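First the structure, in the form of structure tokens, and then the observations on it.
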Amino acid sequence: MRNNYTLTYILFVVAQMILCNFFHFTPYVTLTLLPMLVFFIPVSVGTTAAMLIAFATGLAVDFFAEGLLGINALSLVPVAFLRRPLIEMTCGQEPFEQNENISLKKYGFGRISMALILEIAVFLTIYILAECAGTRPLWFIGARLGLSVLASYLVSILFVNLLTYDDRR
């Protein structure tokens with residue numbers, strides 16, 4: 001990973017830990033920045049390495065913030081696994097053929113938004129199902145999933161410019 005991105009990544013992981021520890025508005029909303037972080041890992045990083053990064057990130061957030069060890073790691077590894085197919089679906093083969101990173105400037109708000117919503121939905125579906133695990137009714141899980149995806153997308157889209165960069169700068 002590029003040094004600038006690595007530092008930004010670590011700062012966002014710390015921000016996620018702070019978000020987990022201090023911002024519990026309601027039981028219906030779970031805010032997360034982690035799928036956005038994994039999606040914008042440079043394309044030069046392969047799927048296996050991205051999955052290992054996601055696992056380590058998830059465990060760090062679990063250990064220092066969530067309290068339920070393994071839930072973020074469990075939810076974040078599939079996001080890393082689906083990262084490449086999702087980039088190919090939304091942005092095409094070009095980022096991998098030219099080894100250039102995803103940027104909001106190049107691929108546009110619509111494509112990046114669609115990719116982020118899908119990544120966040122995958123993460124939160126696994127996260128909420130694992131956390132609720134037979135203790136909550138289906139209507140609660142559905143409401144929490146919908147509201148959490150919306151809230152996490154809005155928070156992620158605010159910070160997406162900090163993670164995207166153009167190699168030609």
Side-chain angles (χ1 to χ4, degrees), residues 1-16 19 30-62 70-131 141-142 144-169:
M1 281 200 278
R2 192 169 161 206
N3 287 338
N4 187 24
Y5 183 82
T6 304
L7 179 61
T8 306
Y9 188 92
I10 291 169
L11 290 174
F12 270 106
V13 170
V14 170
Q16 178 65 47
L19 200 63
T30 300
L31 288 175
T32 185
L33 299 171
L34 298 177
M36 173 191 65
L37 293 176
V38 169
F39 181 74
F40 287 108
I41 290 174
V43 295
S44 59
V45 176
T47 301
T48 304
M51 291 171 67
L52 290 171
I53 292 167
F55 183 75
T57 301
L59 277 182
V61 171
D62 289 334
I71 194 165
N72 279 299
L74 169 75
S75 305
L76 202 54
V77 171
V79 170
F81 179 73
L82 295 173
R83 180 177 140 259
R84 183 179 176 112
L86 190 61
I87 291 171
E88 289 174 350
M89 184 176 78
T90 56
C91 303
Q93 287 287 333
E94 185 179 355
F96 297 104
E97 290 171 353
Q98 296 180 1
N99 199 25
E100 67 180 15
N101 296 312
I102 305 298
S103 72
L104 187 63
K105 182 179 176 183
K106 180 165 184 167
Y107 294 103
F109 184 78
R111 288 180 178 183
I112 299 298
S113 290
M114 181 174 42
L116 278 177
I117 289 170
L118 291 172
E119 290 272 337
I120 292 168
V122 167
F123 176 84
L124 286 172
T125 299
I126 296 167
Y127 183 94
I128 291 171
L129 287 175
E131 187 179 54
I141 293 171
R144 182 174 178 192
L145 179 62
L147 292 171
S148 296
V149 167
L150 177 64
S152 294
Y153 165 73
L154 292 174
V155 171
S156 293
I157 209 69
L158 290 173
F159 297 112
V160 78
N161 272 332
L162 297 174
L163 285 176
T164 62
Y165 56 90
D166 195 356
D167 287 335
R168 291 171 279 185
R169 285 187 196 170

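In what follows, every heavy atom counts, from backbone to side chain, and hydrogens, waters and symmetry copies are set aside. Remember, it's a predicted structure, so these values are computed and weren't measured experimentally. For the single chain, residues carry numbers from 1 onward in sequence order.
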Below 4.5 Å, heavy atoms only, C-beta onward: do [X] and [Y] meet side chain to side chain?
X      : Y      : answer
Ser156 : Ile120 : yes
Leu37  : Val13  : yes
Phe39  : Val79  : no
Asn101 : Phe40  : no
Thr32  : Pro35  : yes
Val77  : Phe81  : no
Leu33  : Phe159 : yes

If I take atom [atom1] from residue [X] and atom [atom2] from residue [Y], how far apart are they, to the nearest 0.5 angstrom?
X      : Y      : atom1 : atom2 : value
Leu82  : Met51  : CG    : CE    : 9.0 Å
Leu104 : Ile102 : CG    : CD1   : 11.0 Å
Leu76  : Leu34  : CG    : CG    : 5.5 Å
Leu19  : Phe12  : CG    : CZ    : 11.0 Å
Tyr153 : Leu118 : OH    : CG    : 11.5 Å
Glu88  : Phe96  : CD    : CZ    : 5.5 Å

Heavy-atom pair of closest approach, residues [X] and [Y]:
X      : Y      : value
Thr47  : Arg84  : OG1-CB, 4.3 Å
Thr90  : Met114 : CG2-CE, 3.8 Å
Ile157 : Ser113 : CD1-OG, 3.9 Å
Val38  : Ala80  : CG1-CA, 3.6 Å

For this session: Output yes when a side-chain donor or acceptor of Asn72 lies under 3.5 Å from a complementary backbone atom of Val61, and no otherwise.
Result: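 Checked: no pair found.
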For this session: Using a strict 4.0 Å threshold on nitrogen-to-oxygen distance, state whether Arg83 and Glu119 make a salt bridge.
Result: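 Result for this pair is no, no salt bridge flagged.
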List, one per line, each side-chain donor-acceptor pair under 3.5 Å for residues 123-131, sequence neighbours excluded.
{"residue": "Thr125", "atom": "OG1", "partner": "Ala121", "partner atom": "O", "Å": "2.6"}
{"residue": "Tyr127", "atom": "OH", "partner": "Glu66", "partner atom": "OE1", "Å": "2.9"}
{"residue": "Glu131", "atom": "OE1", "partner": "Arg144", "partner atom": "NH1", "Å": "2.6"}
{"residue": "Glu131", "atom": "OE1", "partner": "Arg144", "partner atom": "NH2", "Å": "2.4"}

